Amino acid sequence: MANVPDKPSLDGLEARWGDRWEADGIYRYDPLQPRERTFVVDTPPPTVSGAIHVGHVMSYTHTDVVVRYRRMTGKTAFYPIGWDDNGLATERRVQNYYGVRCDPSLPVDPAFDPDAVDSSGGAVRISRPNFVELCERLTAEDEKAFEALFRTLGLSVDWTTLYTTIDERSRRVSQKGFLHLVRRGLAYKADAPTMWDVDFQTAVAQAEIEDREIDGAYHRVRFDGADADGALEIETSRPELIPSCVALVVNPSDERYRALVGSNMVTPLFGVEVPVVAHRLADPEKGTGAAMICTFGDVTDVQWWRELQLPTRVVMQRDGTIAPPRWGESGWPSGDAARANEMQREIAGMPAKKARRRIAELLGASGYLLGEPQQVRHVVKFYERGERPLEIVSTRQWYVKQLEFRPALLERGRQLQWHPPHLRARFESWVEGLNSDWAVSRQRFFGVPFPAWYRLDEEGVEDFEHPILADERSLPVDPSTDAPDGFGEDRRGKPGGFVGDPDVMDTWATSSLSPHIALGWGSDDGLFERLFPMDVRPQAHEIIRTWLYYTVLRAHLEQDSLPWYHATISGWVLDPDRKKMSKSKGNVLTPIGLLEQYGADAVRYWAASPRLGVDTAFKEEQIKIGRRLAIKILNASRFALSLEALDGPITQPLDRSMLARLAEIVAESTQAFESWEHARALDVTERFFWSFTDDYLELVKGRAYGGHGPEAASSAVTALRTALSVLLRLFAPFVPYVTEEVWSWWREGSIHRASWPSASELDTDADPTELEVAASILGEVRKTKALAKRSLKTEVRRAVVHDTAERLAVLDRVRTDLVEAGNVAALETRAADGFSVDVELGD
RNA sequence: GGGCGCGUAGCUCAGUGGGAGAGCGCUUGCUUCACACGCAAGAGGUCGCAGGUUCAAAACCUGCCGCGCCCACCA
């Protein structure tokens, strides 16, 4: 009946079964199934410009295991796949890979050859179309690598659903979502201070900011009173911003300065009169208790500037250098405008760091710097992909409202079922800490453009207050090449004509619509309406504040709903020293070699072992164990399937007992999966499996070969095959290749479309005790042989089992198997309170 | 400063009211007719510390110590 190979092997299973599954459409979504029989996953589209590492393997395996389980319970899976290729991550990779920079002012070079770029003299500037072409070219290559990995790993995604975050569907959905927000007043354009990366020269959002500790220096600086009496000392790490100082601030309760509040002081070097103001956020404990307010040094400055309605005097330019004098001889509200301009010329064009040193010298020379600058390590905000501290500059950006929805979003967080539950706290602390609306426009190139244009008045000045929005039916549009309705392309850039919005969306503005993209929101096949909200969002914990948060926000605003019912959060894979893997540390482990060396099942076994939410140190040993398991499955199956005896009724107590125990395992595994605890499901199955091979198989081996007659043999064989069928299915979500291979030896169809085992297939009337008693006695016999350094074949002349009457009665039912497996000549029993076995070995 | 999590054998981790566990590693054996990519066995732990609750605590409570992360602050 079974077609069992002589030398079963794991080699080549990935390619063989991968092709077969694809050809047979095993993992294809079935749109005819009703929603309740569909399992819908918001698969993370990985950032293809990033390194493939073992963390991907772990988190994607976690999801795949769960999907495979659901599929076997009779559901069809909508398990899409996408690539996140849009955005700054790709641009940065293209810049480094080809040695280029995008310069939108350059015309297209039709003859541009990326392979001929000579960047030895610094990055080569190329046009925007040429740059975007390179982005597309490189991401296409990166996507191939990811697809190869995901296919080898055996992810059961439906490859017909493939999308990328820059493709036409994603652009259409992103633009449609944006237009809805604008029309409902939930997105708006504003000119306001924004966090700004001076190298990438783009706005960034709060979610993309990280703190880093860097070297700095506190400078103690004296401000003289405007009326010649009184002076105020402040401490600042950014003296180069003195020209943009608009006020000094103290705490209203600070007795030391109370008298000065309301008076004016004069900025050193620049001679500008600024008021002393009081505000609760001024901390008397910090520095001198008095601080200067600049436009803008940090977010507190912005808050002071806004709440105290201070003037604006910006000196920091978008490229991170100090602006040249721009207020003219009379423009400075300074007692000595000529000197102020002279001072600014001293630092104009310098990057902040250099200007800081120069200003410190000038302050020192004129006696305003008190003591030496004090070197400190301090924490500064950086764009997560950036290299220099963020500046705050005033720019016109699109924003999505979020501040006013904080209470509603917290409630959404409570409705969502988190696995593990405690990670909801991260979501909550993020929502509670939001300090501004979402700055969603980026001054970049490889992204989804805003479907908006601006009219030019007769002077050619843009009317930002009244954007022309694209018609939803025309999406996606590119306002840099498409003209708005009612305008010909010849009106572009002309007075009385229009210009396109030059910006692109934050990549999260697209990714936050991943359920909408995957389900084809806005297309008329009804898929979105049927399957939204999805069942589960799987992801890693570091992007709770970005991807998870933004997706919840968008679904709340657009659908007044959660985007999914569950969120499963995988931990990180740490390096063996428990350090986070990162490119800069050079400790990133790529899984490709591991997959080649150990096989996909082994790697998946390792990946599925940690629970959700737990960071785990990488251990190659765990992968070897996975391989050992896969090989064991192969060999145990070969044994069970190559026995000659025919199937027959399961009559023997040991056989029934084993199946009864297996029924418990089925129940435990099922319950674990239903509780989203895949690791426990694997653990209970694996634990049983090893005792199955070590104890049960050994106990019935002689009988199965026919040593006690055909009926006893067929009972064993049938029990073995019944158990094998169940075990293979319990293992199938974790090790899909080896289980499919074995299944194919004796069963029709794919195991991955077989039904999840149920206790009703097994003997639930029997008692698992027989197996347990037999195994424990066999263990004692083995121990005696091992301690005597004898072969396990050694005959036992006499074994005396001491145990309770109940257990001795149980023993009696499995006596034959036990005697055979232990090679026991005489097995005697004695009633006793506790369990022990006296073993007398033969010669 | 606020929050979350963790601390169990050399290592990686499971166990959440009643016997201190698994795998790896180590040690010692065993060519046993599914498997030497194997099998069997052994050694190894005051369950971070202190107090409390309980007949009973690794588990529950309180405090402390250590580690990691998140948020906030960051003059």
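These numbers were taken from a predicted model, which means no experiment stands behind them. Letters go in sequence order (proteins before strands), and every chain restarts at 1.
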message: Measuring only the C1' atom in each nucleotide, how far is B/G63 from B/G25? A whole number of Å is fine.
response: 38 Å
- request: Please work out if A/Leu281 contacts a base, only the sugar-phosphate, or nothing of the nucleic acid, heavy-atom cut-off 4.0 Å.
  value: base
- request: Please confirm whether A/Trp606 and A/Tyr598 have ring centers closer than 6.0 angstrom.
  value: no
message: For B/C74 and A/Gln303 - does any side-chain N or O of the residue sit under 4.0 Å from the phosphate oxygens OP1/OP2?
response: no
- prompt: On a whole-Å scale, what distance lies between the P atoms belonging to B/C64 and B/U46?
  reply: 27 Å
message: Base, sugar-phosphate or nothing for A/Ser637? Non-hydrogen atoms, less than 4.0 Å.
response: nothing
Euclidean distance for C1', B/G66 against B/C30 (whole angstrom): 45 Å
- prompt: So, do A/Tyr605 and A/Phe734 have ring centers that fall under 6.0 Å from each other?
  reply: no
- prompt: If we take the C1' atom in both B/A41 and B/G23, what is their distance in whole Å?
  reply: 16 Å
message: Looking at A/Lys286, I'd like to know whether one of its side-chain N or O atoms comes within less than 4.0 Å of OP1 or OP2 on B/A75.
response: no
- request: For A/Arg782, answer base if it contacts any base atom (sugar-phosphate contacts may also be present), sugar-phosphate if it contacts only those atoms, and nothing otherwise; contact means non-hydrogen atoms under 4.0 Å.
  value: sugar-phosphate
task: Could you tell me whether A/Trp690 contacts a base, only the sugar-phosphate backbone, or nothing, with contacts defined as non-hydrogen atoms closer than 4.0 Å?
output: sugar-phosphate
- prompt: Do A/Asp211 side-chain and B/C73 base share a donor-acceptor contact under 3.5 Å?
  reply: yes
task: Assess the pair A/Phe405 and A/Tyr549: is the distance between their ring centroids shorter than 6.0 Å?
output: no
message: Does B/U28 have OP1 or OP2 under 4.0 Å away from a side-chain N or O of A/Arg790?
response: no
message: Does A/Ala640 reach a base, just sugar-phosphate, or nothing at all? Heavy atoms under 4.0 Å.
response: nothing
query: When you check the gap from the basic side-chain N to the acidic O, do A/Lys619 and A/Asp575 get nearer than 4.0 Å?
result: no
message: What's the gap between B/C61 and B/G7 when it is taken at their P atoms, as a whole Å value?
response: 14 Å
message: Could you tell me how far apart A/Trp430 (CH2) and B/C69 (P) are, to the nearest whole angstrom?
response: 18 Å
- prompt: Are A/His541 and A/Asp615 linked by a side-chain donor-acceptor pair shorter than 3.5 Å?
  reply: yes
- request: With the side chain of A/Asn635 defined as its heavy atoms from C-beta on, choose the nearest nucleotide among B/A75, B/C35, B/C11.
  value: B/C35
Separation of B/C13 P from A/Glu620 CD (nearest whole Å): 16 Å
- prompt: B/C35 P sits how many Å from A/Phe639 CZ, rounded?
  reply: 10 Å
message: Base, sugar-phosphate or nothing for A/Lys632? Non-hydrogen atoms, less than 4.0 Å.
response: base
message: Please report the distance, rounded to the nearest Å, between CZ in A/Arg426 and C1' in B/C4.
response: 7 Å
query: Under 4.0 Å between a side-chain N/O of A/Lys783 and OP1 or OP2 of B/G42, yes or no?
result: yes
field: Interatomic distance where CD belongs to A/Glu698 and C1' belongs to B/C30 [whole Å]
entry: 13 Å
Under 4.0 angstrom between A/Thr616 side-chain N/O and B/C13 OP1 or OP2: yes
